[in-house]
Q: 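Here you go, one structure.
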Protein chains: 2
Amino acid sequence: MAAVTHGAKKATLAEVAAQAGVSLATASKALNNQPHVSDATRKRVHEAAEQLSYIPNAQARSLISGHTNSIGVITSDLTGRFCTPILLGAEDELGVTSNTVLLCNARGDALLERNHLSFLLSRNVDGLLIVGDETTPRPHLDTPDHVPVVYAYAPSADPNDCSIACDNVEAGAMAVNHLISCGKRKIAIIGGSDTTAGAHNLRLGSPKASQDRLQGAMRALHEANLEPAGPVRFSQWSESWGRAATRLLLDQNVDFDAVVCQSDEIARGCMSVLHDRGIDIPGQVAVIGHDNRSLLAPDADPPLTSIDNCTEEIGHVAARALLDAINGKPHHGTEYVSCRLVQRDSTLPN
Amino acid sequence: MAAVTHGAKKATLAEVAAQAGVSLATASKALNNQPHVSDATRKRVHEAAEQLSYIPNAQARSLISGHTNSIGVITSDLTGRFCTPILLGAEDELGVTSNTVLLCNARGDALLERNHLSFLLSRNVDGLLIVGDETTPRPHLDTPDHVPVVYAYAPSADPNDCSIACDNVEAGAMAVNHLISCGKRKIAIIGGSDTTAGAHNLRLGSPKASQDRLQGAMRALHEANLEPAGPVRFSQWSESWGRAATRLLLDQNVDFDAVVCQSDEIARGCMSVLHDRGIDIPGQVAVIGHDNRSLLAPDADPPLTSIDNCTEEIGHVAARALLDAINGKPHHGTEYVSCRLVQRDSTLPN
DNA sequence: TTGAAAGCGCTAACAA
DNA sequence: TTGTTAGCGCTTTCAA
């Protein structure tokens with residue numbers, strides 16, 4: 001509250017004690033609001049601390065307590081696309097218990113990852129959050145038993161680990177069900193990446209996500225006794241693929257009144273081609289995307305309905321799971337966080 | 001290298017020393033590769049450490065050394081748009097000296113910012129990186145003299161502080177000069193936000209950026225004895241504003257053969273309207289954007305030329321400046337990092 | 001209610 | 001070359 005003028009160097013507890021005319025032990029108790037200190041003394045110590053802009057030394061404290069009130073985050077997400085919201089959610093959750101976050105970027109390099117790990121362990125983090133950038137399970141990370149680990153977004157391949165992931169199968173089903181509820185029956189699907197090799201880079205994204213979303217979409221279609229309109233094609237997550245795939249549908253005279261695009265990029269490409277051909281959205285063809293990317297969906301023309309994977313919520317849940325584990329109640333297995341439909345004008349009911 | 005099986009709990013140096021049959025001091029020297037230790041002993045100690053999966057305790061070390069090899073980052077960037085690349089660049093730079101990054105999100109709240117500050121100070125960070133989310137100068141942060149601070153992206157209002165920012169004036173000039181070099185002479189400008197009140201939120205962005213980019217653009221135009229085609233209007237950084245502004249230009253019969261859009265969002269909106277009206281890009285009208293956002297520029301139709309503000313480079317430079325300050329060579333004042341033209345098909349020369 | 005002393009894990013003088 | 005000792009800043013018995 002008070003406008004603290006920061007002095008030249010840090011004051012120690014010993015200096016505060018001296019200034020207040022008490023012993024080290026008493027000063028410690030007074031500042032930590034422990035009992036068995038007279039009100040007068042407590043007041044004097046607090047004043048002395050204020051005067052000297054005393055800041056307790058966290059290193060010394062955790063040397064004694066054995067914990068650091070901090071967690072380590074290792075991410076392989078260069079773009080920050082998943083990492084940022086997850087971190088935001090995690091910080092939200094951890095903030096309550098005064099936790100800090102130590103960030104390390106492994107850039108997808110396993111060796112670098114191990115280096116970062118040692119680094120964080122030497123700093124005695126109370127827990128570890130491993131944030132991946134795709135939904136394909138990643139290898140288990142070998143860590144000491146006494147530090148809990150939670151995997152976020154990219155789950156661990158080891159079912160005994162605790163992982164928090166998004167539910168792309170549900171997302172796929174949700175997209176289709178929404179279109180059906182809008183009165184559409186002839187639903188085309190434009191897939192994302194389908195590279196089965198490991199050669200998927202950032203722009204291509206994860207084939208697992210496209211398969212999961214497809215699976216959910218097919219399930220929902222079948223439950224409604226429907227089949228997708230036209231063939232489902234995969235290539236990339238990009239706008240240009242969205243344009244190309246839409247042209248294919250149109251030029252091959254596929255009869256469709258809605259399109260599920262497996263990403264917002266694809267959806268934008270799709271919309272621009274429909275626009276070119278004078279097809280009304282959503283009247284003639286409704287379009288729905290995935291990921292609800294703020295740069296692409298809300299301000300499209302018309303605004304694009306999209307399925308939000310709730311990455312921030314993943315951060316919340318993961319942080320809560322980590323806190324639980326730190327407090328002796330570890331979770332096991334993969335927990336899926338539900339996605340959310342964000343309806344906009346590209347899928348208005350007929 | 002070796003496949004370490006992490007044991008139940010952490011081994012201490014004392015245990016390593018015992019296992020190797022040497023004293024604490026010798027074990028310390030051996031592991032820290034200090035001289036005055038026989039090769040045989042050194043070997044034995046290293047083996048013992050390996051066996052026990054010994055991980056040195058950073059707290060204990062920094063209690064002695066006085067520094068932590070870690071820097072604190074306070075950001076107000078919720079989206080991670082600037083924060084992520086800056087962090088990436090900074091980590092690149094710091095990695096060499098084995099630095100960690102402690103991340104705190106202040107969400108633009110001054111009180112929260114002070115809390116985070118105390119937190120980081122109690123952790124004895126060696127330096128502080130303050131990452132803002134707009135180019136408008138931010139208030140100086142009152143910190144102890146002994147911990148160096150560098151402001152990134154949003155510079156400090158105090159000229160004595162060290163700030164690393166992007167050069168939006170240069171960016172504006174660069175856009176115009178590029179269009180001129182493409183043979184365009186009738187250049188329209190669509191501005192971003194111009195809210196003079198403090199009411200600019202995330203989507204609106206900073207009016208300072210739009211003014212700076214305008215200033216640079218006007219300078220470049222004047223140097224070529226040109227005036228902007230039509231009026232320069234400001235409203236938002238959004239696609240819909242790009243569409244609206246372009247329609248205005250067209251409907252008011254402004255004669256233009258190029259458009260500088262102060263953001264890629266605006267540029268995309270502009271392009272879609274030009275497209276609708278059957279105007280060829282770049283043949284009839286060239287379009288250039290700002291920010292080079294990977295989601296918007298490279299895969300547009302045609303791919304959008306844009307000015308990249310090089311945020312990752314800002315992170316590099318900021319980290320270097322911080323390292324310098326930590327090593328006793330503080331920088332002062334605001335250093336501007338140059339932006340970069342990324343040419344794509346939306347501005348091919350005639 | 002207060003204070004003296006031990007010790008968290010480690011490094012760095014200094015002594016042997 | 002090796003070991004002993006003091007102490008980094010703090011908390012925590014335990015005794016006064």
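First the proteins, then the strands, lettered A, B, ... as listed; each starts at 1.
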Q: Find the distance A:Glu15:CD to D:dG9:C1' and express it as a whole number of Å.
A: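 Rounded to the whole Å, the gap is 11 Å.
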Q: Can you build the contact string for nucleotides 5-12 of chain C? Use B for base contact, S for sugar-phosphate-only contact, and - for no protein heavy atom under 4.0 Å.
A: --BBBBBB
Q: Are A:His67 and A:Asn124 close enough that a side-chain donor and a side-chain acceptor fall under 3.5 Å?
A: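 Checked: A:His67/A:Asn124 side chains show no N/O donor-acceptor pair below 3.5 Å.
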Q: Distance alone, cut at 3.5 Å: any donor-acceptor contact between the side chains of B:Asn69 and A:Arg123?
A: no
Q: For the residue pair A:Ser23 / A:Thr26, report whether a side-chain donor-acceptor contact shorter than 3.5 Å exists.
A: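 Yes, a side-chain donor-acceptor pair sits under 3.5 Å.
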Q: So that I can tick it off, tell me whether B:Glu91 and A:Arg107 are bridged by a salt bridge, with the cut-off set at under 4.0 angstrom between side-chain N and carboxylate O.
A: yes
Q: Taking only the side-chain nitrogens and oxygens of B:Ser23, find out if one of them lies under 4.0 Å from OP1 or OP2 of D:dG3.
A: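 Indeed, a polar side-chain atom of B:Ser23 lies that close.
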Q: I need the residues from residues 38-48 of chain A with at least one non-hydrogen atom less than 4.0 Å from DNA chain C; give them sorted by number, or say none.
A: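 Those residues are A:Ser38, A:Thr41.
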Q: Apply side chain to side chain contact (heavy atoms under 4.5 Å, CB included) to residues B:Asp161 and B:Val149 and explain how you reach the verdict.
A: CA-CA 8 Å; B:Asp161 289 334; B:Val149 182; over 6 Å; no
Q: Whole angstrom is fine here: how far is it from CZ in B:Arg123 over to P in D:dG9?
A: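 In whole Å, D:dG9 P lies 18 Å from B:Arg123 CZ.
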Q: Between A:Ser156 and A:Ser163, do the side chains contain a donor N or O and an acceptor N or O under 3.5 Å apart?
A: no
Q: For B:His36 and D:dG3, give me the distance from atom NE2 to atom P, rounded to whole Å.
A: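 After rounding, the gap between these two atoms is 15 Å.
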Q: Does B:Glu113 come within less than 4.0 Å of B:Arg138, counting only side-chain N to carboxylate O?
A: yes
Q: For B:Glu15, enumerate each residue passing the salt bridge (charged side-chain N to carboxylate O under 4.0 Å, His left out) test, keeping only those at least two apart in sequence or located in another chain.
A: none
